[in-house]
Protein chains: 4
Amino acid sequence: MENSFRLTRVGVTGILKPIVVRRRGRDNHLVAEIDVFVDLPSTQRGSHMSRNVEVVTEMVDESVRARVESLEQMAANICRELLARHDYASFAEVRMTADYFLERRPPGGKTSLEPFKLIAKATSRRGDGLMKSIGVEVRGMTVCPCAAETARNIILEQVRGFEKYSAQVPMVSHNQRNRTTLTVEVPENVEIEADDLIEIVEGSLSSSTYGILKRKDEANLVLRAHRNPRFVEDVVRDILGKLLKRYPKLDDSVHVTVRSESEESIHKHNAFAERVTTLGELRSR
Amino acid sequence: MENSFRLTRVGVTGILKPIVVRRRGRDNHLVAEIDVFVDLPSTQRGSHMSRNVEVVTEMVDESVRARVESLEQMAANICRELLARHDYASFAEVRMTADYFLERRPPGGKTSLEPFKLIAKATSRRGDGLMKSIGVEVRGMTVCPCAAETARNIILEQVRGFEKYSAQVPMVSHNQRNRTTLTVEVPENVEIEADDLIEIVEGSLSSSTYGILKRKDEANLVLRAHRNPRFVEDVVRDILGKLLKRYPKLDDSVHVTVRSESEESIHKHNAFAERVTTLGELRSR
Amino acid sequence: MENSFRLTRVGVTGILKPIVVRRRGRDNHLVAEIDVFVDLPSTQRGSHMSRNVEVVTEMVDESVRARVESLEQMAANICRELLARHDYASFAEVRMTADYFLERRPPGGKTSLEPFKLIAKATSRRGDGLMKSIGVEVRGMTVCPCAAETARNIILEQVRGFEKYSAQVPMVSHNQRNRTTLTVEVPENVEIEADDLIEIVEGSLSSSTYGILKRKDEANLVLRAHRNPRFVEDVVRDILGKLLKRYPKLDDSVHVTVRSESEESIHKHNAFAERVTTLGELRSR
Amino acid sequence: MENSFRLTRVGVTGILKPIVVRRRGRDNHLVAEIDVFVDLPSTQRGSHMSRNVEVVTEMVDESVRARVESLEQMAANICRELLARHDYASFAEVRMTADYFLERRPPGGKTSLEPFKLIAKATSRRGDGLMKSIGVEVRGMTVCPCAAETARNIILEQVRGFEKYSAQVPMVSHNQRNRTTLTVEVPENVEIEADDLIEIVEGSLSSSTYGILKRKDEANLVLRAHRNPRFVEDVVRDILGKLLKRYPKLDDSVHVTVRSESEESIHKHNAFAERVTTLGELRSR
């Protein structure tokens, strides 16, 4: 066979399926977008594409009878079955994303459901166990520390006498919508709650954001956020610090990826920070 | 013929073409995304799809020899030619969008090229002249007036003595990236400059935004923007007011559409305002 | 107040909410993206934005207790409540979209869930009743009739003797993914099933598409589709014809919009056809 | 400093700039979307974000005076300057994409400009030279070999006598739009032409696609494509084979990534194949 090269990933992308996940005793109805891949040896012309969607469909149906506990558990089940059905493959990978909702209450305000995103992955090399990756995307607010400080200095020069009150009056800055993703990759038997990862990210931003804010709650949120200004760099580092504290027993080999992107209100482009690392690297700092 | 219904629009969408437009003595090299349509009488099964792309291609080639003056003029030329080649059609429509750059300088800062978007359209009913529509999309910043006022009241209660300085110290609020579009539809012989529409939109936001801002320029921009807070409602109305002043001689029948959307920093959703109207309606207010 | 112009639409866009709709005795868990608007009189500076999200949230919570029957019914409920809470408004509009799944079985194959999209809308002018709009988006396949015919003529010239079999052997053509949307707007008390609209669209394409197709089912689908070639023009007209037959009692004033777009496999651009009309216009053809 | 972790990438994303690249004696006016990053040591709180856009702007201005030869050369220039201005950084990365047009003529048809995409990257570790990556995205057509074969067998069973003509009459199959990307990473002093990579990809699909196709050209393209059916797996492997032949002198260490995705006309999901490798690995097969 001419051009008989091995292929790294062969599969299907963009499968849409309704999935039910039972978390902490509550059914979550998710609409998952799913990509599945196996590798292909040089000796085989094509992969059996229809098997992929068959596996996904059967695992989704199966989960209706016996609830899975998480999106990443579903990814792991599909991944294992892919290797079983593609006997020529030595590697399988499953990626899933879904909108996800949690109850949130702004200080002083009313509870409602806020949207987040789950990002699950499972990979397996034949005979080598299975890794699953639990990920979340959170939208929140960042306030720029630098503009606030410079603005304060300008105001202090312009407004004589204001220095007495300066420490108590938070200063204007640019603030904006921020999207941060946090992903942790662990062996299959280790459990990490996506809800906990979402909490870690929310706690590392200048402020969480909410669907409903009454006038006073809105102003208080803005004031608190300006007393807690954060660069995207700060957001990523705070998340890394919180991870180390929250999971002291997780193995050094665990992979962690954090990405934070602020849709800058003073620019037409975005600010971005990222760390790709292992817990071991972080601990040996 | 069964189901011999007239069709409102038949054509092709998503044609990508490089186009050169000569504006104010300067060549602008644009990458335009183009949709073209004609109507189809009930007596004809299919439209001649390949003619559409032929017309677009010839008009684009033609424009290399004899520069057109604007994207909407190009749309008009294509529109006219569509009616000429589809003799069964009584209506033609062309839509074009392209990234567009203008030099901008933040107060105290350095000049650079800022990106905007052109949105051009031409429509023609056979025997009934040609209308062209000149549109722009501008990204800028809005600062919320309401959060600033409530925050000020909270600070005034908390910080005794601050009232002396309150008028001089701009108050924190939420601010964010805003996208505003302005479209004006005129007969073919009337000229409107897209650059002027961009200026009108930029002048109606809390602030323009810039690629490069040195520390002090950034803080000054933030301070100015907070002294000029705007709801999306204000943005749309200011644009309408400025339009009336800028084009006193434009006919009452001219159509105007303004849309402003703020990607709220305190919410995961956006705030939106719109006015669809004619100059006559606006003037008879 | 300077620039005191009326605004056509003021509101919020991009609200994400999990919704449960009970259709034909079965709970459908949907993730809806929601836009809500009211108009704003010239005498009022800003709309009460937070009321919009409050109304959406309450109506969604309410629907958990007393199931709504459709996305458009949910849209109608929100629309009515918007007018109640924004007493200065004379107009309200709600738009909702959601992924939606139905069981489908390819001839000879296995049943699985296929993804579609629901597109619901409700609009109301104060004192003037409420209109709701039921819409669907369907992905399927179109085969080009023209390329098949020309290819047949070429083959007939090249292959002497083939003419005996020509009528029985379907000819190659280009085929591709197609996206078609169908929207019907009716008064609030009239019921139209989205599932029926999906069936009408699926029946008007060259073929439905399926997640799982075994080798023989795939080839049979391809053969059937090539015996049923369709331009986008044909797709739109077939849908219009089927609508008239399916809903003989619907009022002449009912608005209908059909759009079909084929992601052409032989071009980098798409083919498009559209009809915007009323049932009355269609009947008087 | 608490949480003083090193960051892998800090920078800005989504800068839009008009760029002129002189290739083979012809000026190409591109609109580039640009992301730039440096790393950040644990000892430094924030990166100097505005320097990034300054560097991009100066390099773009500079290129107007002294034309660069390629998008990847522009990326390399920006990358080098990023390390010069961020003295605390040990790593820099620049990513750029732009629509790009080349003249193409379908057999028998007319020449016109077809759109492609350039994907350039440059990375540098301080003191360790600079790697640049030249990439292209091509849209074309794939025809499924498997459905064609099964359909032929079905027709051979149904139509007695057709076997005599079977070898000469291409059989129906599903065909669709395909997007394939090819990226090659080389040291800065090595030159690879993006135009050549585009040719390699186009030559590995079932067929190139064209803006304008007259009736007969369209049918001939369809016939040729059906005589050249390709799985996504075949597309990726053909590209790998052609690369080895085209660049026999390129070093074994050169990285290559090929991804091919077919927007299946019989499914709502896509088929995907990928190889991530080095020339050395490919050669040692």
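In this text, all values refer to a predicted model and were calculated from it rather than measured experimentally.
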Turns out that what part of A:E261 lies under 4.5 Å from chain D's heavy atoms comes down to side chain
Atom group of A:N52 that falls short of 4.5 Å from chain D, counting heavy atoms: neither
Using modelled atom types and a 3.5 Å cut-off, is there a donor and acceptor pairing between side-chain atoms of A:R51 and backbone atoms of A:R85? yes
Taking heavy atoms only and a threshold strictly under 4.5 Å, list by residue number the residues of residues 138-146 of chain A that touch chain D; give 'none' if the list is empty. A:P145
Between A:V258 and chain D, which part of the residue has a heavy atom less than 4.5 Å away: side chain, backbone, both or neither? neither
Just jot down the salt bridge (charged side-chain N to carboxylate O under 4.0 Å, His left out) partners of A:E202, sequence neighbours excluded, or say none. A:R104
Which atom of A:F272 lies closest to which atom of D:T13, heavy atoms considered: CB-CG2, 3.8 Å
Bottom line for A:S47: the part with an atom under 4.5 Å from chain D's heavy atoms is both
Does a side-chain N-to-carboxylate-O contact under 4.0 Å join D:E274 and A:R9? yes
A:K242 meets the salt bridge (charged side-chain N to carboxylate O under 4.0 Å, His left out) criterion, sequence neighbours left out, with none
Closest non-hydrogen atoms of D:L82 and D:A92, given as atom of the first, atom of the second and distance, are CB-CB, 4.0 Å
Please determine if D:R45 and A:E233 form a salt bridge, counting it only when a charged side-chain N lies under 4.0 Å from a carboxylate O. no
Just how far is it from atom CD of A:E93 to atom OG of A:S133, taken to the nearest 0.5 Å? 9.5 Å
Only pairs of heavy atoms separated by less than 4.5 Å count here; which of D:I15, D:D234, D:L16 has the most with chain A? D:D234
At their closest point, which heavy atom of D:V60 faces which heavy atom of D:P18, and how far apart are they? CG1-O, 3.5 Å
Sort D:T277 into side chain, backbone, both or neither according to what part of it lies under 4.5 angstrom from a heavy atom of chain A. neither
Set of salt bridge (charged side-chain N to carboxylate O under 4.0 Å, His left out) partners for D:R246, sequence neighbours left out: D:D196
By a 4.5 Å heavy-atom criterion (distance strictly below it), what part of D:R6 contacts chain A: side chain, backbone, both, or neither? both
What part of D:L244 lies closer than 4.5 angstrom to a heavy atom of chain A: side chain, backbone, both or neither? side chain
